[in-house]
Each structure stands twice: as C-alpha cells, then as structure tokens.
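To start, the structure itself, in structure tokens.
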Amino acid sequence: MNDCVFCKIIDGAIPSKRYYEDERMIVIADIDPKAAKHYLAMPKKHYKLLSEMTEADRNDLGVIFATIARIAPELGLGNGYRLVINQGDDAGQTVFHLHIHIMGGQVLDFPDLKKA
Ligand code: AMP
Ligand code: ZN
C-alpha cells in the first residue's frame with residue numbers, strides 16, 4: 001500500500017485543484033501557499049527524493065521544467081516566478097514525493113539564509 005499523499009492526489013483519492021496534467025506530470029495548488037501564487041509540479045512516477053533519480057529519469061525532469069516554463073503564463077506567472085526543490089531534511093522536505101514549488105504572483109525577495 002502506497003501511503004504517499006501526492007500519489008493519492010495523482011490517483012484522485014485526495015482532491016486537489018489541478019492546473020495542468022499530462023501523461024508525465026500534474027500541477028496543483030499548494031494547500032498552504034507561501035506566495036501570492038504557489039503551485040506544485042510533480043511527476044506521476046513516485047520518486048522519494050531528487051537524489052533517487054537515475055540518468056534516464058533526469059530526462060523526465062528536464063521535460064517537466066520545460067513544461068513549467070511553457071505553461072507559466074497560463075498560471076498567471078508571465079512576469080516571473082521562482083522554482084524550488086527541497087531535498088532532504090536540511091531543506092525541510094516534508095512530502096517525500098519529488099515536487100517542484102512554483103512561486104510568484106508578486107515580487108519575491110531573496111532571503112539571506114545564513115542569517116536565519
Ligand atoms: P516540501 O516542504 O518541499 O516537502 O513541501 C511540501 C508542500 O506540500 C508544502 O508546501 C505543503 O503545503 C504542500 N502540501 C502538503 N499536502 C498537500 C495537499 N494535500 N495538497 C496540496 N499541497 C500540499
Ligand atoms: Zn508518491
């Protein structure tokens with residue numbers, strides 16, 4: 001039994017606001033947005049971590065990035081956006097199904113994390 005919350009979203013077992021879908025990926029709204037617009041792009045295939053991907057899988061990731069760039073204007077991000085992947089504990093990853101945060105809809109400051 002796969003207990004992954006994002007796999008359940010992909011399967012439709014957990015509802016989500018879906019902005020984009022193809023055979024490889026979905027884009028949903030983040031349930032707890034940290035920016036005026038905050039989406040999550042995720043591969044349908046379950047990877048726990050970025051570091052779990054093989055060379056072949058990385059090709060998939062390249063297409064996902066290209067798709068994000070293509071649909072960004074439709075997401076209301078024509079003026080710019082930021083992509084973030086949290087990998088592992090130091091980055092505060094909480095959901096262990098690889099996902100890319102897409103944030104924008106406002107001018108984003110760039111925090112100096114050394115001061116945090
Ligand atoms: P991360 O810290 O990179 O693992 O980010 C996980 C993100 O998933 C957080 O921004 C959460 O707000 C978001 N999240 C968790 N559960 C859901 C859900 N059911 N639907 C949409 N976003 C979610
Ligand atoms: Zn999963």
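Under 4.0 Å is where a charged nitrogen must lie from a carboxylate oxygen, and between D3 and K8 at least one such pair does. Here D32 pairs with K34 in a salt bridge; the nearest charged N to carboxylate O distance falls below 4.0 Å.
Taking the six-membered ring for Trp and the full ring otherwise, Y47 and H97 have centroids separated by 6.0 Å or more.
At a threshold of 4.5 Å between side-chain heavy atoms, the hydrophobic network of Ile, Leu, Val, Met, Phe, Trp and Tyr places L40 and M53 in two separate groups. Hydrophobic clustering of Ile, Leu, Val, Met, Phe, Trp and Tyr side chains at less than 4.5 Å, counting indirect connections, keeps V63 apart from Y81. Using a 4.5 Å cut-off between side-chain heavy atoms of Ile, Leu, Val, Met, Phe, Trp and Tyr, with links allowed through other members, I71 and I85 fall into the same hydrophobic cluster. No continuous path of hydrophobic side-chain contacts links I100 to V95 [ILVMFWY only; heavy atoms under 4.5 Å]. Put simply, M103 and M25 are part of two different groups of oily side chains (I, L, V, M, F, W, Y) that touch within less than 4.5 Å, one to the next.
Closest of all the heavy-atom pairs between F96 and H46 is O-CE1, 3.3 Å. Residues A41 and I68 share a closest heavy-atom pair of CB-CD1, 3.7 Å. Nearest heavy-atom pair across R18 and G12 is NH2-N, 4.2 Å. Residue S16 comes nearest to I28 through the heavy atom pair OG-CG2, 3.6 Å, listed as atom of the first residue, atom of the second, then distance. The two atoms that bring G105 and A36 nearest to each other are O-CB, 3.5 Å, heavy atoms only.
The closest donor-acceptor contact from the side chain of E21 to the backbone of I26 lies at 3.5 Å or more, if one exists at all. Judged by distance alone, the side chain of K44 and the main-chain N or O of D22 form a donor-acceptor pair under 3.5 Å. Checking side-chain atoms of R82 against main-chain N and O of H101 turns up no donor-acceptor pair under 3.5 Å.
Rounding to the nearest 0.5 angstrom, the gap separating the CG atom in N86 from the CD atom in Q93 is 7.0 Å. The distance from the NZ atom of K17 to the CD1 atom of I9 is 14.0 Å, given to the nearest 0.5 Å. Once rounded to the nearest 0.5 Å, the distance linking SG of C4 with CD1 of I10 reads 7.0 Å. Rounding to the nearest 0.5 Å places CZ of F65 at 12.0 Å from CG of D60.
The residue from K45, K48, R24 that alone fulfils the salt bridge (Lys or Arg N to Asp or Glu O under 4.0 Å) condition with D57 is K45. If you run side chain to side chain contact (heavy atoms under 4.5 Å, CB included) between L98 and each of I64, L49, L61, only L61 comes through.
Annotation: cation-pi geometry not satisfied between K37 and Y39 (NZ/CZ under 6.0 angstrom from ring centroid, within 45° of ring axis).
Looking only at side-chain heavy atoms (C-beta outward), Y20 and L75 stay at 4.5 Å or farther from each other.
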